[in-house]
Number of protein chains: 2
Amino acid sequence: MSDKRAEILETAVRATKRDGLRKVSFRQLADQVGVKSSSVHYHFPTKADLAESMVRDYTDAFAARLEDIAACESTLPGKIDALVQVFADVLAADDLCLCGMMAAELSTLDARTGHALRQFFRVTEDWLTEQIDMHRQDLRIDLSAKDLGKVILAALEGAILLDRVDRDSERLQAFSRMARAILD
Amino acid sequence: MSDKRAEILETAVRATKRDGLRKVSFRQLADQVGVKSSSVHYHFPTKADLAESMVRDYTDAFAARLEDIAACESTLPGKIDALVQVFADVLAADDLCLCGMMAAELSTLDARTGHALRQFFRVTEDWLTEQIDMHRQDLRIDLSAKDLGKVILAALEGAILLDRVDRDSERLQAFSRMARAILD
DNA sequence: GTCTATATACAGATAGAC
DNA sequence: GTCTATCTGTATATAGAC
């Protein structure tokens, strides 16, 4: 992968996390990386190509971060706290999770990007389910690891979405306290 | 308020719940209600005017529905279930909550619409806090009513966002089971 | 790989007739 | 209140030179 291609991809992800894919244009990307829009089309023929590459790239990077967390943190509350911190960092930059943002834009996405999006959520939920199952005995609530994993990701995506409107992190913090009340 | 104005508003809300405000155009709205785009501009001079009216209208209707639920359901699990059903109905139509959708589009909203958006979330969270406080003794978890209200709304907004991508309601259902496990 | 130039479509918004 | 007509800006995408 050429340097320019990677630079365009990185720029597109950053812009989409803040403004959404619909507001990101080939012209704007071209200006930001210092080329013409036709050169962006050389690397990503259509916007659908760009969108799919963004989601796949983001998913790989996110999965790597999840593995880091699993390796560094030994307790379930520690792992959840670390995940909350990932979302808190995105929120502090006034951004959303790329895939949460694109989920809102679902009706304008092509089938391949939609599939890549589903994969992101599946991978993240599978990681959560695995971590929860590993610490089953610590749960203070009668709920399957799968259900709990789904609710945790939904709550985090919703919390960052709503918190950004308030330019605060009250909901992420409330989630953090709830997690501590349930897990430990 | 004239009939046409109300019809435009209703049409705009329906389209925005599915596609987002950015994809909704004055031309498209005009076609759908059978007038020309300049006539839509007569009722809503700018897109910001339209957006703010949509959020206020939606908030009023939603608040009325919350009051209905409070009046009809006597138990906290019953109230939460009824709220989940509201979101499930929106999801079944392949839509999102209007304000969840517009929260994703925050960076393209004017200040007044942003304020109206904050009001929607505040009103809904306040209702939840009130209902939870009313049934404090039923809680199986050590968490403030305010925190729990915030997490519940975040989880519902996130669940509908992610579930729509999968054309399923797995996360809303998982939330429902979690609520039952916590609330009794 | 990047450029100039362009085709085509659609966006928000407004002037002025009726 | 609604219309016709139009201004201005921007979008995705492509052809063909270098």
Side-chain angles (χ1 to χ4, degrees), chain A residues 1-55 57 101-102 104-114 116, chain B residues 1-55 57 101-102 104-114 116:
Chain A
M1 173 151 65
S2 71
D3 281 1
K4 266 296 176 223
R5 191 192 135 98
E7 193 183 347
I8 292 167
L9 209 50
E10 188 187 357
T11 304
V13 168
R14 194 169 351 110
T16 301
K17 285 163 75 180
R18 182 156 312 168
D19 299 326
L21 182 64
R22 289 187 61 83
K23 205 190 174 185
V24 173
S25 72
F26 281 77
R27 279 170 162 76
Q28 167 203 353
L29 287 176
D31 286 348
Q32 287 178 358
V33 305
V35 295
K36 294 297 173 180
S37 68
S38 50
S39 297
V40 180
H41 277 287
Y42 169 80
H43 294 288
F44 305 97
T46 69
K47 204 167 182 181
D49 295 321
L50 176 62
E52 189 189 353
S53 297
M54 284 166 61
V55 174
D57 201 62
M101 176 64 88
M102 290 182 69
E105 300 178 292
L106 182 73
S107 77
T108 71
L109 301 180
D110 64 297
R112 293 167 68 95
T113 305
Chain B
M1 173 152 64
S2 71
D3 280 1
K4 266 297 177 222
R5 190 193 135 100
E7 193 183 346
I8 292 167
L9 209 50
E10 188 187 357
T11 305
V13 168
R14 193 168 354 109
T16 301
K17 285 163 75 180
R18 182 155 309 167
D19 300 324
L21 183 64
R22 288 187 61 82
K23 206 190 172 186
V24 173
S25 71
F26 281 77
R27 279 168 162 78
Q28 167 202 352
L29 287 176
D31 286 348
Q32 287 180 359
V33 305
V35 296
K36 295 298 173 181
S37 68
S38 51
S39 298
V40 180
H41 277 287
Y42 169 80
H43 293 288
F44 305 97
T46 69
K47 204 166 183 182
D49 294 321
L50 176 61
E52 189 190 353
S53 297
M54 286 167 59
V55 175
D57 201 61
M101 176 65 88
M102 291 182 68
E105 300 178 291
L106 182 74
S107 77
T108 71
L109 302 180
D110 63 297
R112 294 167 67 96
T113 305

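The sequence lines fix the lettering, A, B, ..., with proteins before strands; numbering per chain opens at 1.
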In whole angstrom, what separates [X]'s [atom1] from [N]'s [atom2]?
| X | N | atom1 | atom2 | answer |
| --- | --- | --- | --- | --- |
| B/Lys47 | D/dT10 | NZ | C1' | 13 Å |
| A/Phe26 | C/dC10 | CZ | C1' | 17 Å |
| B/Lys4 | D/dC3 | NZ | C1' | 14 Å |
| B/Asp3 | D/dT2 | CG | P | 10 Å |
| B/Leu29 | C/dA11 | CG | P | 10 Å |
| A/Arg22 | C/dG12 | CZ | P | 10 Å |
| A/Arg27 | D/dT12 | CZ | C1' | 8 Å |
| A/Asp31 | D/dT10 | CG | P | 11 Å |

With a 4.0 Å cut-off on heavy atoms, is [X] in touch with a base, just the backbone sugar-phosphate, or nothing at all?
| X | result |
| --- | --- |
| A/Lys36 | base |
| A/Val40 | nothing |
| B/Val33 | nothing |

Side-chain donor or acceptor of A/Ser38 under 3.5 Å from a matching atom on the base of C/dT4?
-> yes

Polar side-chain atom of A/Glu105 near backbone of A/Leu21 as donor-acceptor pair, under 3.5 Å | yes

Determine yes or no for a side-chain-to-main-chain donor-acceptor pair under 3.5 angstrom, with A/Asp49 supplying the side chain and A/Thr46 the backbone.
-> yes

Looking at [X], does any N or O in its side chain come under 4.0 Å of the phosphate oxygens OP1/OP2 on [N]?
| X | N | value |
| --- | --- | --- |
| A/Ser39 | C/dG1 | no |
| A/Tyr42 | C/dG1 | yes |
| A/His41 | C/dT2 | no |
| A/Ser2 | C/dG1 | yes |

Evaluate the side-chain proximity of B/Val35 to B/Leu29: yes if any heavy-atom separation is below 4.5 Å, no if none is.
-> no

Residue pairs meeting salt bridge (charged side-chain N to carboxylate O under 4.0 Å, His left out), one or both in residues 20-29 of chain B, sequence neighbours left out, come to none

With respect to the side chain of B/Val35, which nucleotide from D/dC3, C/dT2, C/dA13 is positioned closest?
-> D/dC3

If every non-hydrogen atom of B/Met54 is compared with every non-hydrogen atom of B/Ala12, which pair is closest and at what distance?
-> CE-O, 3.6 Å

